[in-house]
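Below: the structure, in structure tokens.
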Amino acid sequence: MALLTGAPRGTKDVIPAQVYKWQYLEDTLRRCARDFGFTEIRFPTFEHTELFLRGVGDTTDVVQKEMYTFQDKGGRSITLRPEGTASVVRSVLENSLYAAGLPLKVWYMAPNYRYEKPQAGRLREHHQFGVESLGSASATADAEVIGLADTFLSRLGIQTVALRINSIGCPKCRPGYHEALRAYFNTHEEKLCPTCHERLERNPLRVLDCKDEGCRGVAKDAPHTTDHLCTECAEHFEKLKSCLSAMGIVYTVDTRIVRGLDYYTKTVFEFVTDCIGAQGTVCGGGRYDGLVEALGGPSTPGLGFGSGLERLLMVMEASGVEIPKPDGCALFVAAIGERAQSEATLLVHKLRRAGVAAEQDTMGRSLKAQMKYADRIGARYCAVLGDDELDAGEVKIKDMTTGTAEPCALSVEAIASYIKQK
RNA sequence: GUGGGUAUAGCUCAGUCGGUUAGAGCGCCAGUUUGUGGCACUGGAGGUCGUCGGUUCGAUCCCGAUUAUCCACCCCA
């Protein structure tokens with residue numbers, strides 16, 4: 001078959017046979033957000049490019065080389081959203097949502113676009129569930145957000161993820177740390193890989209995360225962020241750790257965690273797995289106390305996370321989580337002959353209007369083929385309608401799982417109540 | 001952006017040391033007598049062997065390019 005064109009690189013269709021998995025995942029996430037007191041927010045798929053330059057940070061890879069940016073017919077520079085947080089903050093400011101009282105706790109589920117080279121767990125269009133909590137500077141808010149992530153992961157039956165946390169400090173203490181880090185790495189420069197020489201300039205934190213053997217050796221004894229925090233940041237981090245422990249949430253402090261978005265301050269965290277390939281971060285986020293102000297709003301602390309739906313489904317798949325399939329056809333009405341055919345059409349239509357998921361043949365198949373079809377689509381019950389039944393005013397309703405049949409009066413009401421009572 | 005693997009039926013894959021009509025399993029459709037699915041058996045439909053070019057008497061197979069896809073780096077969800 002010559003196909004005109006395939007789907008764009010890095011995008012994925014969700015075919016009918018698979019949607020139930022997405023629906024299950026989405027329902028679970030929605031319920032979890034509600035239980036934690038978060039409400040949904042929706043925003044456009046594209047924004048002014050400026051928002052991301054300032055919000056995400058114009059030195060980040062996401063902004064520098066991964067954005068889908070174009071000029072619209074009005075000459076505006078528009079960008080397809082590469083991540084959700086900037087849009088949320090923009091919407092909050094634009095609609096003065098903070099005026100209704102703080103904290104403001106919102107969640108979203110939306111596609112993101114990044115021009116990347118696709119691989120396992122990495123797409124050009126991917127979907128994220130994310131939450132943002134604005135207004136509280138307290139570590140309790142951090143614990144609440146992390147607690148929400150921990151909860152939905154466990155509700156989804158995902159056990160193969162580990163929580164890693166770190167604190168990367170604030171604008172007060174971070175420069176000092178960066179200096180200490182640069183000074184340390186400069187004394188070992190000859191052992192670092194070429195990419196890390198670049199990293200040293202842009203973001204020395206990244207060197208800590210390099211997988212190169214030489215870099216690992218050097219990074220092992222590098223100064224830790226946590227040793228260079230100002231008292232405020234250090235106290236915040238301690239408070240978070242004790243909150244998590246009190247909540248029974250297992251974590252490890254990983255001083256190599258660095259996030260690629262500029263707005264993070266203090267707490268950063270990741271839930272990672274090793275069962276879906278190299279892109280193992282299933283949920284990542286942190287605090288961004290300077291972001292709201294950077295986007296022109298009042299100085300407001302906040303934090304949040306993003307979680308990739310495709311990756312969550314991959315982990316669920318890899319760890320054998322069984323996702324319940326929704327009910328399909330409740331009653332298949334097989335018809336023999338033209339008279340029964342049109343009676344069946346009427347019957348099925350009325351049953352559907354009465355709330356019964358009924359089906360009939362539209363392919364002109366033989367009775368046997370109709371039965372086969374009913375079986376294939378997973379019909380719970382099946383009724384054969386022919387001249388005999390029409391004359392007698394009664395049909396046999398066959399239970400497709402047991403193979404036994406019971407008689408029922410040939411009326412919409414009788415059949416509907418028979419199916420519903422089961 | 002860099003590197004490696006792969007490309008044959010709807011799906012998972014064989015195969016041709018280069019030679020006539022390219023196969024299997026699963027799936028789909030039909031039949032195995034007259035009004036009943038799952039099991040079994042039989043048959044059928046379905047492929048320009050990713051695309052373009054080169055070598056050759058001859059290419060699905062060898063070579064080159066291109067595209068797609070998978071995986072890793074980078075980065076992130």
Side-chain angles (χ1 to χ4, degrees), chain A residues 1-3 5-12 15 17 56 60-66 82-85 109-130 149 161 193-196 198-199 202-203 206 209-212 257-261 264 268 270-273 276-285 304-315 332-337 340 363-389 395-405:
Chain A
M1 192 195 327
L3 189 61
T5 177
R9 197 163 157 72
T11 65
K12 281 246 186 326
I15 61 173
V56 179
T60 59
D61 274 12
V62 169
V63 167
Q64 279 192 339
K65 41 190 202 192
E66 295 178 356
E83 61 99 51
T85 303
M109 199 136 39
N112 289 342
Y113 303 87
R114 295 180 198 169
Y115 192 82
E116 307 211 52
K117 191 152 173 188
Q119 71 181 74
R122 196 170 65 184
L123 298 161
R124 289 186 175 176
E125 178 187 60
H126 78 279
H127 298 76
Q128 266 185 42
F129 166 73
V161 290
C193 73
T195 14
C196 278
E198 284 174 42
R199 287 175 169 138
R202 272 196 322 178
N203 191 348
R206 284 252 156 248
D209 203 22
C210 186
K211 281 159 193 155
D212 179 87
I257 293 188
V258 173
R259 317 237 72 237
L261 308 178
Y264 287 115
V268 289
E270 292 177 347
F271 285 84
V272 293
T273 179
I276 58 169
Q279 310 303 319
T281 303
V282 130
C283 175
F305 66 70
S307 187
L309 302 194
E310 286 85 355
R311 287 188 191 173
L312 287 173
L313 286 168
M314 284 170 80
V315 184
F332 185 89
V333 180
I336 312 161
M363 300 290 287
R365 289 194 243 247
S366 69
L367 176 62
K368 189 175 179 123
Q370 290 185 54
M371 293 301 292
K372 235 176 164 146
Y373 178 70
D375 185 58
R376 207 187 72 217
I377 63 173
R380 182 79 181 78
Y381 293 95
C382 187
V384 176
L385 198 61
D387 288 334
D388 297 352
E389 287 77 12
V395 282
K396 289 215 175 69
I397 295 182
K398 182 173 183 176
D399 184 324
M400 295 294 274
T401 52
T402 63
T404 57

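Residue numbering restarts at 1 for every chain, and letters A, B, ... go by the order of the sequence lines.
Checking B/rU36, B/rC71, B/rA77 against every side-chain atom of A/Ala120, the shortest atom distance belongs to B/rC71. Nearest to the side-chain atoms of A/Met371 among the listed nucleotides B/rA72, B/rU36, B/rA30 stands B/rU36. With B/rC74, B/rU36, B/rA77 as the choices, the nucleotide that has an atom nearest any side-chain atom of A/Leu367 turns out to be B/rU36. Comparing B/rA77, B/rG37, B/rA68 by their nearest atom to the side chain of A/Arg9 picks out B/rA68. Distance from the side chain of A/Arg376 is smallest to B/rC28 among B/rG37, B/rC28, B/rA77.
Nucleotides B/rG4 and B/rA40 place their P atoms 47 Å apart, quoted to the nearest Å. The P atoms of B/rA30 and B/rG37 are separated by 13 Å, rounded to the nearest whole Å. Spacing between B/rU69 and B/rG25 at atom C1', rounded to whole Å, works out to 24 Å. Taking the P atom of each, B/rU2 and B/rA59 are spaced 34 Å apart, rounded to whole Å. Using C1' as the reference atom, B/rG54 and B/rG58 are 15 Å apart when rounded to the nearest Å. On the P atoms, B/rG46 is 31 Å away from B/rG18, given to the nearest whole Å. Rounded to whole Å, the C1' atom of B/rU20 lies 44 Å from the corresponding atom of B/rG38. For the C1' atoms, the distance from B/rC61 to B/rG44 is 30 Å, rounded to whole Å.
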>> Expected output check: what is the dot-bracket annotation of RNA chain B, where ( ) and [ ] are pairs inside the strand (brackets for crossing ones), | is paired with another strand, and pairs are Watson-Crick or G-U under 3.5 Å?
In response: (((((((..((((.....[...)))).(((((.......))))).....(((((..]....))))))))))))....
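Dashed line: the shortest gap from a side-chain N or O of A/Gln119 to OP1 or OP2 of B/rA72 is under 4.0 Å. Residue A/Arg114 has no polar side-chain atom (N or O) positioned under 4.0 Å from OP1 or OP2 of B/rC75. Between A/Arg365 and the phosphate of B/rC29, there is a side-chain N or O to OP1/OP2 separation shorter than 4.0 Å.
For the atom pair A/Glu66 CD and A/Arg124 CZ, the distance stands at 10.0 Å (nearest 0.5 Å). Taking CZ of A/Arg114 as the start and NE2 of A/His126 as the end, the distance is 5.0 Å to the nearest 0.5 Å. The OG1 atom of A/Thr401 sits 4.0 Å away from the CZ atom of A/Arg380 when rounded to the nearest 0.5 Å.
Regarding A/Asp61, its CG atom lies at a distance of 15 Å from the P atom of B/rC73, rounded to whole Å. Look at CD1 on A/Ile377: it is 17 Å from C1' on B/rG27, rounded to the nearest Å. A/Met363 has its CE atom 8 Å from the P atom of B/rA30, to the nearest Å. Atom OH of A/Tyr373 is separated from atom P of B/rA30 by 12 Å (rounded to the nearest Å). Here B/rU2 presents its P atom at 16 Å from CD of A/Glu116, a figure rounded to the nearest Å. In this structure, the NZ atom of A/Lys368 is 8 Å from the P atom of B/rU33, given to the nearest Å. Atom CD of A/Gln370 and atom C1' of B/rG31 are 17 Å apart (whole Å). A straight line from CZ of A/Arg124 to C1' of B/rG1 spans 11 Å, rounded to a whole angstrom.
If you check every strand for non-hydrogen atoms under 4.0 Å, A/Asn112 touches nothing. Looking at heavy-atom distances under 4.0 Å, A/Gly403 makes contact with a base. Within 4.0 Å (heavy atoms only), A/Cys283 reaches sugar-phosphate atoms of the nucleic acid but no base atom. When heavy atoms are screened at a 4.0 angstrom cut-off, A/Ala369 is found touching the sugar-phosphate backbone but no base atom. Using a 4.0 Å heavy-atom distance criterion, A/Leu312 is classed as making no nucleic acid contact.
One cannot find a donor-acceptor pair under 3.5 Å joining the base of B/rC71 and the side-chain atoms of A/Arg122. For a distance-only test at 3.5 Å, the side chain of A/Glu66 fails to qualify as a donor-acceptor partner of the base of B/rC75.
Taking for each of A/Lys372 and A/Glu270 the nucleotide of RNA chain B with the nearest heavy atom, the 5'-most of the two is the partner of A/Lys372. Each of A/Ser307 and A/Lys12 was matched to the nucleotide of RNA chain B holding its nearest heavy atom; the match closer to the 5' end belongs to A/Lys12.
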Would you tabulate the pairs of protein nitrogen or oxygen atoms and nucleotide nitrogen or oxygen atoms of nucleotides 3-5 of chain B closer than 3.5 angstrom?
from  : atom 1 : to       : atom 2 : distance (Å)
B/rG3 : O6     : A/Lys117 : NZ     : 3.4

